[in-house]
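Note sheet for the following structure.
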Amino acid sequence: MESKRIVAAVAVACALVCGEKKKKRLRRRTRSRSHLFGCGQYGLTVLQRQLELNDRTGFRELLRMTAEEFDFLLERVSPLISKQDTKLRKAITARERLSVTLRFLATGESFTLLGLKYHIGRSTVSDIVTTTCEALHKVLKEDYLKTPTSEDQWGAIAKDFYEKWHFPNCLGAVDGKQIYIQPPAHSGSTSYNYKGRFSVVLMGIADANYSFTYVSVGCQGRIPDAGIFAHSDLHRAMDEGRLSIPPAEPIPDTNTVLPYAFLGDDAFPLRPDLMKPYSHRQLDHDQRVFNYRLSRARRVVENAFGILANRLRVFRTTICLEPDKVAKITLASVCLHNYLRQCRSEAYMPPALADQEDTEHQVIPGNWRRDGAGALLNVPAGASSNPPQQAEDQREQLKHYFVSPQGQVPWQERCI
């Protein structure tokens with residue numbers, strides 16, 4: 001009987017000691033995380049309010065946009081990202097959620113560092129960024145990332161290309177870039193690229209004003225541009241005639257009727273609806289002129305990617321997320337890029353950021369080239385295939401046009 005009492009007493013003592021240790025651990029954990037309960041009262045949230053009132057230039061540097069542009073986005077996205085308060089704590093507001101997301105896109109800072117700056121937990125920051133990017137893409141894509149669906153819309157793009165870059169019947173410039181990501185779990189070499197890094201590929205088409213009219217993101221990094229194009233929904237739509245592209249028309253000041261086409265680099269296949277330069281081996285004079293004129297017009301997509309990576313510097317880092325979340329971030333970023341380009345935001349695109357030409361039409365490299373495109377690397381060219389004869393004839397006709405009195409530009413001889 002006495003032994004039973006001793007065992008019971010020992011058990012009670014052990015329970016009390018364990019309970020006390022558990023309480024101490026809980027108290028210690030609560031104290032260590034106490035700095036996270038100041039969301040909305042400290043850190044960058046307060047700084048943003050002060051900048052909005054007293055320093056508009058500082059606000060632009062903080063989020064890469066003006067306060068008015070931020071308010072426009074907040075109005076559009078608030079219904080999708082607002083949360084309800086609970087009895088235990090207040091919800092993080094839609095303004096704070098959008099601020100965290102835009103700061104992540106503008107800097108590429110880690111979730112841990114952003115959490116410290118905004119007084120939010122790391123996992124909460126991760127969830128906020130992903131859901132807010134998804135919401136931004138949803139509310140902006142119809143107005144700011146919509147592939148033309150009528151002949152008039154394509155015709156307007158072609159008119160811009162001819163007036164600004166002197167290339168006739170051009171529907172846009174296409175290119176592909178690699179985005180560095182962390183190695184996905186159990187992926188093997190699926191996303192392993194030729195640089196020895198893991199990546200996904202962003203393929204885009206840009207108009208004459210550095211805005212994207214089409215993007216495809218998520219293809220594996222080891223696939224070259226030609227392979228990405230071959231497996232894209234754009235390729236299928238072109239083959240099936242679902243893009244509402246205008247019928248072939250005479251190029252300016254001639255009776256030569258040619259189809260409308262996109263412009264690509266050496267990595268893409270030569271097709272009647274996709275022009276590429278001549279191979280850079282043993283070029284004659286006329287071929288050099290053609291390559292210069294095509295390169296001059298195709299430079300818009302290089303600048304579009306360069307501006308995107310320079311202003312939204314998340315693309316200058318390795319994005320430590322799964323490929324599907326990287327796709328959401330990329331689509332939201334492209335929508336933001338197009339929105340800020342369309343409203344001519346000087347906060348997003350300051351003077352001299354993109355390439356310019358002097359009075360002699362010599363290229364003055366844009367400021368984005370000084371820093372490079374970060375992690376947006378070119379995709380290696382795939383194996384070339386024999387182009388259809390119609391595409392080769394079309395390129396020959398354009399070549400002759402560019403050296404004719406009707407199609408030449410006065411400065412091209414100095415630039416080749």
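Worth saying up front: this structure is predicted, and the values here are computed from it rather than measured. Sequential numbering from 1 along the given sequence is applied to the chain's residues.
- A salt bridge does not link Arg341 to Asp207: none of the charged nitrogens lies less than 4.0 Å from a carboxylate oxygen.
- Partners of Tyr278 by ring-ring contact (aromatic ring centres under 6.0 Å, His included), not counting sequence neighbours, listed by chain and number: Phe290.
- For Trp154 and Phe262, the ring centers sit closer than 6.0 Å to each other.
- Scored by the salt bridge (charged side-chain N to carboxylate O under 4.0 Å, His left out) test, Arg288 finds no partners at all (sequence neighbours excluded).
- Applying the ring-ring contact (aromatic ring centres under 6.0 Å, His included) test to residues at least two apart or on different chains, the pairs with a partner in residues 67-103 are Phe72-Tyr339.
- Every residue was checked against the side-chain hydrogen bond (donor to acceptor under 3.5 Å, both in side chains) condition with Ser211, not counting sequence neighbours, and none meets it.
- With sequence neighbours left out, Arg236 forms a side-chain hydrogen bond (donor to acceptor under 3.5 Å, both in side chains) with no residue at all.
- Glu163 meets the salt bridge (charged side-chain N to carboxylate O under 4.0 Å, His left out) test with no other residue; sequence neighbours excluded.
- Qualifying salt bridge (charged side-chain N to carboxylate O under 4.0 Å, His left out) partners for Glu75, counting only residues two or more places apart in sequence or in other chains: none.
- Every residue was checked against the ring-ring contact (aromatic ring centres under 6.0 Å, His included) condition with Tyr210, not counting sequence neighbours, and none meets it.
- In this view, Glu360 and Arg414 satisfy the salt bridge (charged side-chain N to carboxylate O under 4.0 Å, His left out) rule, not counting sequence neighbours.
- Taking 4.0 Å as the cut-off between side-chain N and carboxylate O, Asp239 and Arg271 count as a salt-bridged pair.
- Here His400 pairs with nothing under the ring-ring contact (aromatic ring centres under 6.0 Å, His included) rule; sequence neighbours left out.
- Annotation for Gln389: atom CD counts as buried by contact number, over 12 foreign heavy atoms lying within 6.0 Å.
- The only member of Leu105, Leu340, Ile307, Leu102 that meets side-chain contact (heavy atoms from CB on, under 4.5 Å) when paired with Leu312 is Leu105.
- For residues 74-117, the pairs satisfying ring-ring contact (aromatic ring centres under 6.0 Å, His included) are Phe104-Phe111, with sequence neighbours left out.
- For His137, the ring-ring contact (aromatic ring centres under 6.0 Å, His included) criterion is met by no residue, not counting sequence neighbours.
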